Protein chains: 2
Amino acid sequence: MKNSLNERRQERGWSQQHLADALGVSRQTVISIERGRFDPSLPLAFRLAEVFGCRIDELFDPRGDGAQSS
Amino acid sequence: MKNSLNERRQERGWSQQHLADALGVSRQTVISIERGRFDPSLPLAFRLAEVFGCRIDELFDPRGDGAQSS
DNA sequence: TCCTTAAGTAAAGCGTGCTTGACTTGTAAA
DNA sequence: TTTACAAGTCAAGCACGCTTTACTTAAGGA
């Protein structure tokens, strides 16, 4: 799923490690989500929204990768 | 994670099967999420919000089950 | 040059999200 | 009573979220 994680993280000048620590997950997890390898769990999505001070639907775009063929 | 699925589904007079079909998942999945056995994936959370015409954070409460000890 | 930090890849392993199928219980209609 | 539907439990199995470890590449400072 497409997201604005990388953008928002860099706006704040945070490293992936810093964000991972703030979220309580590994750096690998941050990388994988940023690069769209997989979607975060719902609890993690809530923590991301909290960390970035926005709503989940502002952070993630469900149509971003979801094969809308027409 | 605590949620208002059951409440909102019954307001609309939908069976679990009807909701499951609308979401494109099995009835088991609806039951398990309603009863808090596990959290939906992020894509499924977005579909739930769409089906119920609200936002994810209106449907789910991240503090609902999250062991805040103090 | 060497060292450090940030970002990335890859792979093995564990817990959980979701599926299918079978079974139970309560309610209501035939 | 029998049939049918809604809601629930349980269990086996597959796919994905997340962890850990190890390695690579590029940029900056000593």
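Note that this is a predicted model, so its numbers are computed, not measured. So you know, we letter chains A, B, ... as the sequences are listed, proteins then strands, and number each from 1.
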Sub-4.5 Å side-chain heavy-atom contact between [X] and [Y]:
{"X": "B/Asp39", "Y": "A/Pro43", "result": "yes"}
{"X": "A/Phe52", "Y": "A/Arg12", "result": "yes"}
{"X": "B/Arg8", "Y": "B/Cys54", "result": "yes"}
{"X": "A/Pro40", "Y": "B/Leu42", "result": "yes"}
{"X": "A/Phe46", "Y": "A/Val51", "result": "no"}

Without decimals, in angstroms, what is the distance between [X] [atom1] and [N] [atom2]?
{"X": "A/Gln17", "N": "C/dG8", "atom1": "CD", "atom2": "C1'", "result": "14 Å"}
{"X": "B/His18", "N": "D/dC5", "atom1": "NE2", "atom2": "P", "result": "16 Å"}
{"X": "B/Met1", "N": "D/dG17", "atom1": "CE", "atom2": "C1'", "result": "14 Å"}
{"X": "B/Ile33", "N": "C/dC18", "atom1": "CD1", "atom2": "P", "result": "5 Å"}
{"X": "B/Phe60", "N": "C/dG17", "atom1": "CZ", "atom2": "C1'", "result": "13 Å"}
{"X": "A/Leu19", "N": "C/dA7", "atom1": "CG", "atom2": "C1'", "result": "13 Å"}
{"X": "A/Asp39", "N": "C/dT16", "atom1": "CG", "atom2": "C1'", "result": "15 Å"}
{"X": "A/Gln16", "N": "D/dA26", "atom1": "CD", "atom2": "C1'", "result": "14 Å"}

For B/Met1, is there any backbone N or O sitting under 3.5 Å from a side-chain donor or acceptor partner on B/Asp61?
no
Contact string for nucleotides 19-26 of chain C, one letter per nucleotide 5' to 3', B = base within protein heavy-atom range under 4.0 Å, S = sugar-phosphate only, - = neither, reads BBB-----
Criterion salt bridge (Lys or Arg N to Asp or Glu O under 4.0 Å) on B/Asp57 and B/Arg55, from CA distance to verdict:
CA-CA 5 Å; B/Asp57 50 277; B/Arg55 293 196 316 266; 3.0 Å; yes
Nucleic acid contacts - residues 40-51 of chain A versus DNA chain D, non-hydrogen atoms under 4.0 Å:
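Output list: A/Pro40, A/Ser41, A/Leu44.
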So how far is it from B/Arg9 CZ to B/Ser4 OG, rounded to the nearest 0.5 Å?
12.0 Å
To the nearest 0.5 Å, how far apart are CD in B/Gln16 and OG1 in B/Thr29?
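The OG1 atom of B/Thr29 is 11.0 Å from CD of B/Gln16, to the nearest 0.5 Å.
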Just wondering, are more than 12 heavy atoms of other shown residues or ligands nearer than 6.0 Å to CD in A/Glu7?
no
Can you list, by residue number, the residues of residues 8-15 of chain A that have a non-hydrogen atom closer than 4.0 angstrom to DNA chain C?
A/Arg9, A/Ser15
Give the cluster check for B/Ile31 versus B/Val25: same hydrophobic cluster or not, with ILVMFWY residues linked at side-chain heavy-atom distances below 4.5 Å.
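Shared cluster, no.
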